[in-house]
Amino acid sequence: MNSSPQHLAIVMDGNGRWSKHQAKPRHFGHKAGLDVLKKIIEAAAQRGVRYLTVFAFGIENWLRPSTEVSYLMELFLSALSRDVAKLHEHGIRLHFIGDKKGIHADLLQSMQKAEELTAANQGMHFIVAFNYSGRWDIQQACQALTQKVLSGELALSDVNEAQISAHLSTAQFPDPDLLIRTSGEQRISNFLLWQLSYSEFYFTPKYWPDFDEAELDCAFAFYQSRERRFGQISEQIESKHA
Ligand code: IPE
Ligand code: MG
């Protein structure tokens, strides 16, 4: 049996539909979603998760109506100024992955400050994918690797899986063990394309603002019931654990 996932990744989805159900504007759902995230950070840390990665804002999300994009940017900025101190108190280490280009200078500065403040903490790593997409990540890794090959720092024959992983924005983290996506959608939507190769997937119809500790426990129970074979057969996995 698996224990709690060491690395949990979450696609927080359904804020807009949750709002619509209540006949409220979309930003209500985003605000409620942030409150849920704060509870889930704590719950995940309590359950022994070492890495929690959330998809907060995808590169494609810039295509949303500008009023919604502005609201989300304000929400991130105010969350950073209001909530980082508490994360720090709890020993959490904050990281941001994604394209830094295109992020407003104020927000970028708050992100960097939060990373610096919490860098020496020893608790759970909380990784926020912001202005992120899986294809962007692979693209920037390819560019960095190509640069090294062109300059002679790296031989072409050394461009292998380990080198690609080492040039992704997630280089310092293990691959996710479990991915949760809320709101009934069952797709990756350009999240951690490379890193999710062997992750277990848990889908729930609940909208993200309705997600709670009980649902997190259901996801963990599902994860614990899975046999992870990584391409091998059951008997090999059993003998390894015997
Ligand atoms: C997820 O909820 C929040 C973000 C992407 C920031 P959505 O806003 O995607 O909610 P739906 O999918 O429209 O219901
Ligand atoms: Mg959505």
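In listed order, ligands and their atoms are each counted from 1. The figures that follow rest on heavy atoms only: side chains count, while hydrogens, waters and symmetry mates do not. None of these values were measured; they are calculated from a predicted model.
Within the structure, ligand 1 has Gly14 among the residues with a heavy atom less than 4.0 angstrom away. In this structure, Lys20 does not count as a contact residue of ligand 1, since none of its heavy atoms falls inside 4.0 Å of the ligand.
If you number the atoms of ligand 1 from 1 as listed, the ones under 4.0 Å from a heavy atom of Ala56 come out as 6 (C). Listed by number with element, the atoms of ligand 1 under 4.0 Å from a non-hydrogen atom of Arg64 are 5 (C), 7 (P), 8 (O), 9 (O).
For the residue pair Gln172/His125, the side-chain donor-acceptor check at 3.5 Å is not satisfied.
Neither the backbone nor the side chain of His21 comes within contact range of ligand 1; no heavy atom lies under 4.0 Å. Under 4.0 angstrom from ligand 1, there are no non-hydrogen atoms of Ser183.
Ranking protein heavy atoms by distance to atom 3 (C) of ligand 1, first place goes to Asn15 ND2, 3.4 Å. Ranking protein heavy atoms by distance to atom 1 (C) of ligand 1, first place goes to Met12 O, 3.0 Å. Regarding atom 10 (O) of ligand 1, its nearest protein heavy-atom neighbour is Gly16 N, 2.9 Å.
Atoms OG and CH2, from Ser183 and Trp208 in turn, are 11.5 Å apart once rounded to the nearest 0.5 Å. In this structure, the separation between NZ on Lys101 and CD1 on Ile59 is 9.5 Å, given to the nearest 0.5 Å.
Distances from the Mg ion (ligand 2) to the N/O/S atoms of Asp13 are shortest for OD1.
Coordination check, Glu185 versus the Mg ion (ligand 2): failed, since every N/O/S atom of the residue sits at 2.8 Å or beyond.
The main-chain N or O of Pro209 is never found under 3.5 Å from a side-chain atom of Trp18 such that the two would form a donor-acceptor pair.
The nearest non-hydrogen atom to atom 13 (O) of ligand 1, considering only Arg17, His30, Arg26, comes from Arg26.
Checked against the 6.0 Å centroid criterion, the rings of Phe76 and Phe130 qualify as a close aromatic pair.
The residues Arg228 and Asp177 are annotated as salt-bridged, a charged nitrogen and a carboxylate oxygen being separated by less than 4.0 angstrom. The residues Arg229 and Glu227 are annotated as salt-bridged, a charged nitrogen and a carboxylate oxygen being separated by less than 4.0 angstrom.
Within a 6.0 Å sphere centred on NZ of Lys100, heavy atoms belonging to other residues, nucleotides or ligands number more than 12.
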